[in-house]
Amino acid sequence: MERLANDCFANASEMISATEALEKISTAAAPIVRTEKVTLFESEGRILAEDIIAPRNVPPADNSAVDGYAFRFSDYEVAPDKPRNIVGQSKAGHPWVGTPEIDAAVKILTGAIMPEGLDTVAMAEDVSRNGNQVILPAGLKTGANCRKMGEDIREGQVLLEKGTSLRPQELGYLASVGLGSVKVFRRLKVALFSTGDELTNPGEPGSVTSIFDSNRLILNSLLAKLGCTVTDLGILKDRLHTVRTALDNAARDHDLVLTSGGVSMGDEDHVKSALGEIGHLHFWRIAIKPGRPLALGQIGNTAFVGLPGNPIAALVCTLMFVRPLIKILSGAALEPPLSFKVPADFGMKKKPGRTEWLRGRYRLSGTGVGRVEKYPTEGSGILSSAVWANGLIEIGDDVTYIEKGDLVTFLPYSELMK
Ligand code: AMP
Ligand code: MG
């Protein structure tokens, strides 16, 4: 099955906007289909492959929210200050079994099931206790301090939908109805390459002509954060044959092949020709900065993305375009990342007709008001900017200038890297 349907590339030579590129990705990409059953303990970060229907109510029975005394509200309404006999005790896991007579009270601990017929609880600290009798405080309302059966979850309701990404709170939610395991999508298998004769692996000796490969480190850890299983396939030399063979082999047992570098129009940019021989490749000219053409395509059943070589361009294109692609391929429901409108602590002019993502640092001032600064230089090879920042500032297509204090869209890294 094609992972990136060909018709999303119609008129690919035209310049498209960032929004159009995202729309094309979301309509063209098809999720992997294989699933696996995993225990809840192993399922953090995984994507649900089935709707989960609640097999029971939570709480399963009416129970007390506090330590105190349970009573029947209709008795209390008639004679609120009457001393009541304490006829038993109900503890969590050890309910009191019996039918309390009129005006009786049952001592009850937090989480214990409400005795039959009793519907309201007075807190222990609010009553006056005298031997085996208790006097309740005035002004209690019906049902006070009592948790109702099914008030959190109703048996039969859709608890979580297919495509939900499982965070710690969802694991607790699933556990609360008694499930021990769930069906999730298999992790996306991604093959990762860098390309370039100038590249050297960090840790190896370099020379003045070598550039240490930073993209693979960025991408490898980013892909892991996005839930992928990554095969690090190292650096490819700028030779057509080498690139073609490596990509062809990688496509056989991966869902996505991701490369960086070698997709420009230079003499040593072989990714395009290699893909032309073994699959389909399309260049998207997206009206964005930073960014060169983004190469997308297909080798057999495997999706292919060729990122620009410059580290900032590679990082930004991954966060803004590859991340949503990965989400869809992984079976996740696609939601735009959380973003915030915050005042700019800078002014700038901008060309209309393209989206720009600046490296931004959001900070609270002494008065507790947040502002975002931008890194002073914008070159797409300047990794210092990404290290300095804690997110990206998105400047929309039509904007031509920003004045200090204008509201701009800020996307924290924490939202983009999960
Ligand atoms: P390319 O797209 O191959 O023309 O590369 C554009 C620029 O990015 C060149 O200056 C490359 O040296 C640099 N570059 C490419 N790949 C990497 C990488 N993996 N790590 C760091 N820099 C890179
Ligand atoms: Mg290169």
Side-chain angles (χ1 to χ4, degrees), residues 12 15 21 190-226 228 230-247 250 254 256-277 281-297 304-323 326 356-357 359 375 377-389 413 417:
M15 185 75 104
V190 184
L192 178 62
F193 292 100
S194 292
T195 70
D197 282 355
E198 76 282 29
L199 297 182
T200 301
N201 276 311
E204 290 174 3
S207 71
V208 73
T209 57
S210 54
I211 297 290
F212 287 111
D213 180 357
S214 28
N215 290 354
R216 234 165 77 243
L217 272 295
I218 298 174
L219 296 169
N220 182 61
S221 68
L222 204 46
L223 291 166
K225 277 183 191 290
L226 296 175
C228 305
V230 188
T231 315
D232 171 22
L233 291 166
I235 298 167
L236 293 177
K237 291 285 178 201
D238 287 320
R239 265 187 296 282
L240 177 60
H241 173 74
T242 311
V243 175
R244 187 183 55 215
T245 312
L247 299 189
H254 291 88
L256 169 67
V257 175
L258 190 60
T259 66
S260 69
V263 287
S264 308
M265 298 300 160
D267 294 344
E268 295 299 348
D269 293 328
H270 298 299
V271 171
K272 188 180 180 190
S273 328
L275 257 289
E277 292 176 19
L281 184 70
H282 304 270
F283 278 90
W284 277 5
R285 293 173 58 235
I286 314 177
I288 55 169
K289 187 182 167 193
R292 293 282 184 84
L294 188 64
L296 285 108
F304 173 84
V305 178
L307 293 163
N310 277 309
I312 294 296
L315 173 65
V316 170
C317 283
T318 303
L319 296 177
M320 304 319 301
F321 301 108
V322 181
R323 177 182 175 276
I326 283 175
E356 294 193 12
W357 288 289
R359 270 65 66 212
Y375 194 75
T377 28
E378 287 176 17
S380 63
I382 309 227
L383 257 184
S384 313
S385 67
V387 171
W388 171 88
Y413 282 152
M417 296 191 178

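Counting from 1, the numbers follow the sequence of the chain as shown. Atoms within a ligand are numbered from 1 in the order they appear, just like the ligands themselves. Heavy atoms only: backbone and side chains are in, while hydrogens, waters and symmetry mates are out.
At least one donor-acceptor pair under 3.5 Å links the side chain of N215 to the backbone N or O of G309.
Atoms of ligand 1 found under 4.0 Å from any heavy atom of F212 (numbered from 1 in listed order, with element): 20 (N), 21 (C). Residue D213 approaches ligand 1 through these ligand atoms, each under 4.0 Å from one of its heavy atoms: 18 (C), 19 (N), 20 (N). Ligand 1 places these atoms under 4.0 Å from at least one heavy atom of S194: 19 (N).
Using a 4.5 Å heavy-atom cutoff, the side chains of Y375 and I312 are not in contact. Side chains of V271 and F304 form a contact here, defined as non-hydrogen atoms less than 4.5 Å apart. Residues P290 and R359 have side chains in contact (heavy-atom distance under 4.5 Å, counting atoms from C-beta outward). In this structure, the side chains of D213 and T200 stay at 4.5 Å or more apart for every pair of heavy atoms. Inter-residue side-chain proximity for M417 and L222 is flagged as met; some heavy-atom pair is nearer than 4.5 Å. D197 has its side chain within reach of K237: a pair of non-hydrogen atoms, C-beta onward, lies under 4.5 Å apart. Under the 4.5 Å side-chain criterion, counting only non-hydrogen atoms from C-beta, C317 is in contact with P308.
Within the 4.0 Å heavy-atom criterion, neither part of I235 lies near ligand 1.
Contact analysis leaves G196 out of contact with ligand 1, as no non-hydrogen atom separation drops below 4.0 angstrom. The shortest heavy-atom distance from G266 to ligand 1 is not under 4.0 Å.
Nearest protein neighbour of atom 14 (N) of ligand 1, counting heavy atoms only, is G309 O, 3.3 Å. Distance from atom 17 (C) of ligand 1 to its nearest protein heavy atom, with residue and atom name: N215 ND2, 3.4 Å. Among protein heavy atoms, the minimum distance from atom 12 (O) of ligand 1 is reached at E198 OE2, 2.5 Å. Protein heavy atom at the shortest distance from atom 7 (C) of ligand 1 is N310 OD1, 3.4 Å. At the shortest separation from atom 20 (N) of ligand 1 among protein heavy atoms lies S214 N, 3.1 Å.
Considering backbone and side-chain N/O of G262, one or more are found under 3.5 Å from N/O of ligand 1.
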